[in-house]
Participant: 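Sharing a structure, written as structure tokens. Questions coming.
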2 protein chains.
Amino acid sequence: MTTDDAGAKSSLQRGIAILRMLADSNESGARLTDIARDLNLTPPTVHRILKTLVEEGMVEADKSTKRYRLGIDLFTMAARAGNPNNLRDICRPIMLRLSATLRDTIFLLVRSGFDAVCLDRSEGPFPIRSFTGDIGGRVTLGVGQGSLAILAFLPDEEREEVIRFNLPRMQGVGILDEVYLRTEIARVRDLGYASRSTGLLPGMSGVAVPVLDREGHAVAALSVGTITERLNEERLPVVVDILKREAAGVCRQLNPFDPVLRRPAAVLGSGAS
Amino acid sequence: MTTDDAGAKSSLQRGIAILRMLADSNESGARLTDIARDLNLTPPTVHRILKTLVEEGMVEADKSTKRYRLGIDLFTMAARAGNPNNLRDICRPIMLRLSATLRDTIFLLVRSGFDAVCLDRSEGPFPIRSFTGDIGGRVTLGVGQGSLAILAFLPDEEREEVIRFNLPRMQGVGILDEVYLRTEIARVRDLGYASRSTGLLPGMSGVAVPVLDREGHAVAALSVGTITERLNEERLPVVVDILKREAAGVCRQLNPFDPVLRRPAAVLGSGAS
DNA sequence: AGAAAGTTTCCGATATACGGAATAAATGGG
DNA sequence: CCCATTTATTCCGTATATCGGAAACTTTCT
């Protein structure tokens with residue numbers, strides 16, 4: 001039983017597996033038969049599950065091409081997911097302020113397992129490339145400044161675990177070897193920010209600061225992505241300073257209980273409904 | 001059997017129902033018992049389904065508070081949804097260009113049932129409020145300029161259906177009555193854009209143009225949201241002109257078969273794997 | 001500390017999902 | 001244009017995975 005297809009049993013699991021598959025083949029969508037083949041399911045089974053998923057609005061079926069893709073309902077759900085501790089809501093105005101002030105693109109990253117995930121992004125006027133790409137994008141934890149800033153400020157054991165797991169995944173993405181990575185991490189911990197240009201995205205640079213919890217461990221990173229010229233010796237310290245200040249502000253809001261007031265600080269709720 | 005809880009049977013449907021519920025109570029997450037109560041399920045059932053969802057990474061359980069919320073895996077997966085015909089990918093660079101050029105916030109809306117959904121957004125330097133709010137946000141189809149631009153250019157029967165369904169939902173959001181709405185729609189069809197300030201968001205205005213398919217029906221809307229001063233008589237026509245040009249460009253890219261070449265135009269696939 | 005509410009495990013009955021086989025629809029080739 | 005082939009969909013008997021009552025266990029509240 002542990003040999004070939006170790007797992008997928010319940011219809012719920014199969015349904016999720018199908019959603020996963022659709023997420024990966026999203027450009028054009030996937031056909032029923034392909035799904036059945038890839039997931040080792042029979043066409044009737046896939047058909048029935050897809051029917052349910054379509055009825056529930058999680059999947060859309062293109063009647064003409066018979067291709068299935070993830071539905072907009074699911075997209076709407078994503079907007080409400082990935083908001084741990086209201087992090088995204090808290091950071092939104094800050095990111096707007098930052099991108100308006102700095103005139104660069106701001107990213108909010110959080111850790112997810114051995115990856116960093118882009119939770120939000122606020123565009124500046126300069127077109128840029130980043131490792132995580134769009135909102136929802138993932139990158140190996142440690143690759144890229146934001147990602148590195150998180151890794152550097154993880155609790156010791158967790159950091160070691162991630163390093164062990166991720167080193168093999170980092171081949172060819174700028175991490176030369178373990179020594180190099182550890183040197184970088186030490187540097188970031190020392191400076192309080194990550195800024196080295198990796199040279200992997202030509203002309204692009206970034207600088208990131210961790211968002212820390214009260215134990216001093218990273219829960220997220222605020223990151224600026226821009227063209228290399230815009231992070232010169234003159235500008236870098238200014239940007240770092242601003243970022244650090246904002247990160248500290250986020251940290252304060254993340255700890256909802258004000259030590260003085262002994263109650264949740266400054267509730268938002270200005271909007272209706 | 002058709003009386004009270006007409007529906008939810010399969011574990012897949014129950015699983016999705018739970019995800020839906022978690023999406024609605026996402027600030028703080030939901031507890032097992034609450035879910036069971038709201039969905040008319042027994043605690044053991046909810047427990048088992050949640051366990052599966054957690055194993056699959058769709059849901060995260062806060063061990064300490066025993067609260068469940070949507071997981072980041074779902075966030076990542078769902079971020080890849082809502083990209084019909086590559087619309088989002090196609091529009092991304094255009095939106096960046098627009099927000100950089102106009103220095104205002106750009107929205108990309110698509111229809112989803114009787115709502116418009118914000119597929120993407122590119123921030124300008126002016127802080128603004130909008131009906132759809134963030135990416136993934138929904139608004140009644142017809143409320144707001146982008147939403148109205150889509151409604152106005154829907155196929156006749158569909159438009160009627162939406163109007164019939166949505167009129168009751170529009171009370172108190174600026175739509176006075178059916179006559180007013182129909183007048184507005186006619187206006188939008190005539191001008192080719194939607195721009196009236198609704199006065200619902202004080203100081204805010206917007207202008208939107210539909211993205212049409214080759215039958216002339218709306219598949220989406222490109223919308224500019226800004227402060228009212230910035231859409232004065234002088235600037236409005238310029239903005240409309242730019243928007244229309246970009247929308248036409250999107251339209252061209254949406255129809256992948258070039259009428260001359262008779263083959264898919266400009267395939268992307270620059271990346272590996 | 002005791003009570004109440006919530007969570008998790010267990011297990012037998014049964015409802016639900018599975019997939020083979022057959023049918024229908026679409027695709028493609030001659 | 002028709003026939004062969006692939007793909008999608010329906011049907012239904014079987015078997016298995018799901019359900020929920022009961023109970024053990026944990027946490028929260030008073």
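The model shown is predicted, which means the values in this text are computed figures rather than measured ones.
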Participant: Whether A:Arg169 and A:Asp115 form a salt bridge (side-chain N of Lys/Arg under 4.0 Å from carboxylate O of Asp/Glu) is what I want to check.
Facilitator: yes
Participant: Taking the nucleotide of DNA chain D with the closest heavy atom to each, which residue, B:Pro44 or A:Ser11, is nearer the 5' end?
Facilitator: A:Ser11
Participant: Is it true that B:Asp156 and B:Arg159 have a side-chain N and a carboxylate O under 4.0 angstrom from each other?
Facilitator: yes
Participant: Report the distance from atom CG of B:Leu50 to atom P of D:dC19, rounded to the nearest whole Å.
Facilitator: 12 Å
Participant: Check whether any side-chain N or O of B:Thr45 sits under 4.0 Å from OP1 or OP2 of D:dG20, and answer yes or no.
Facilitator: yes
Participant: What pair of heavy atoms forms the shortest contact from A:Val188 to A:Ala149, and how long is it?
Facilitator: CG1-CA, 4.2 Å
Participant: For DNA chain C, which nucleotides open and close the run of contacts to chain A, 5' to 3', at under 4.0 angstrom from a non-hydrogen atom?
Facilitator: C:dA17 to C:dA26
Participant: I'd like to know if the side chain of A:Ser147 reaches the main chain of A:Thr140, judged simply by a donor and an acceptor atom lying under 3.5 Å from each other, with no hydrogens or angles considered.
Facilitator: yes
Participant: Starting from P on D:dT28, measure out to NZ on B:Lys63 and report it in whole angstrom.
Facilitator: 14 Å
Participant: In whole Å, what is the span from the CG atom of B:Leu39 to the P atom of D:dC19?
Facilitator: 12 Å
Participant: Looking at B:Arg48, I'd like to know whether one of its side-chain N or O atoms comes within less than 4.0 Å of OP1 or OP2 on D:dT18.
Facilitator: no
Participant: Please determine whether a side-chain nitrogen or oxygen atom of B:Arg14 lies at a distance below 4.0 Å from atom OP1 or OP2 of D:dC19.
Facilitator: yes
Participant: Does B:Asp120 come within less than 4.0 Å of A:Arg121, counting only side-chain N to carboxylate O?
Facilitator: yes
Participant: At how many degrees, to 10°, do the end axes of the helix from C:dA1-D:dT30 to C:dG30-D:dC1 meet when each uses five pairs?
Facilitator: 60°
Participant: What I want to check is whether the side chains of A:Thr45 and A:Arg14 have a donor and an acceptor closer together than 3.5 Å.
Facilitator: no
Participant: Treating B:Arg67 as the side-chain partner and B:Asp62 as the backbone partner, does any N or O pair qualify as donor plus acceptor under 3.5 Å?
Facilitator: no
Participant: Hey, are A:Asp89 and A:Arg92 close enough for a salt bridge, meaning a charged N less than 4.0 Å from a carboxylate O?
Facilitator: no
Participant: Between B:Arg67 (CZ) and D:dT28 (P), how many Å, whole number?
Facilitator: 11 Å
Participant: Starting from P on D:dT26, measure out to CG on B:Leu32 and report it in whole angstrom.
Facilitator: 17 Å
Participant: Relative to the 5' end of DNA chain C, which residue comes earlier, B:Lys66 or A:Thr65, by the nucleotide with the nearest heavy atom?
Facilitator: B:Lys66
Participant: Roughly how many Å is it from NE2 in A:His47 to P in D:dC12, rounded to a whole number?
Facilitator: 16 Å
Participant: Any ion pair linking B:Arg80 and A:Asp134 (charged N to carboxylate O, less than 4.0 Å)?
Facilitator: no
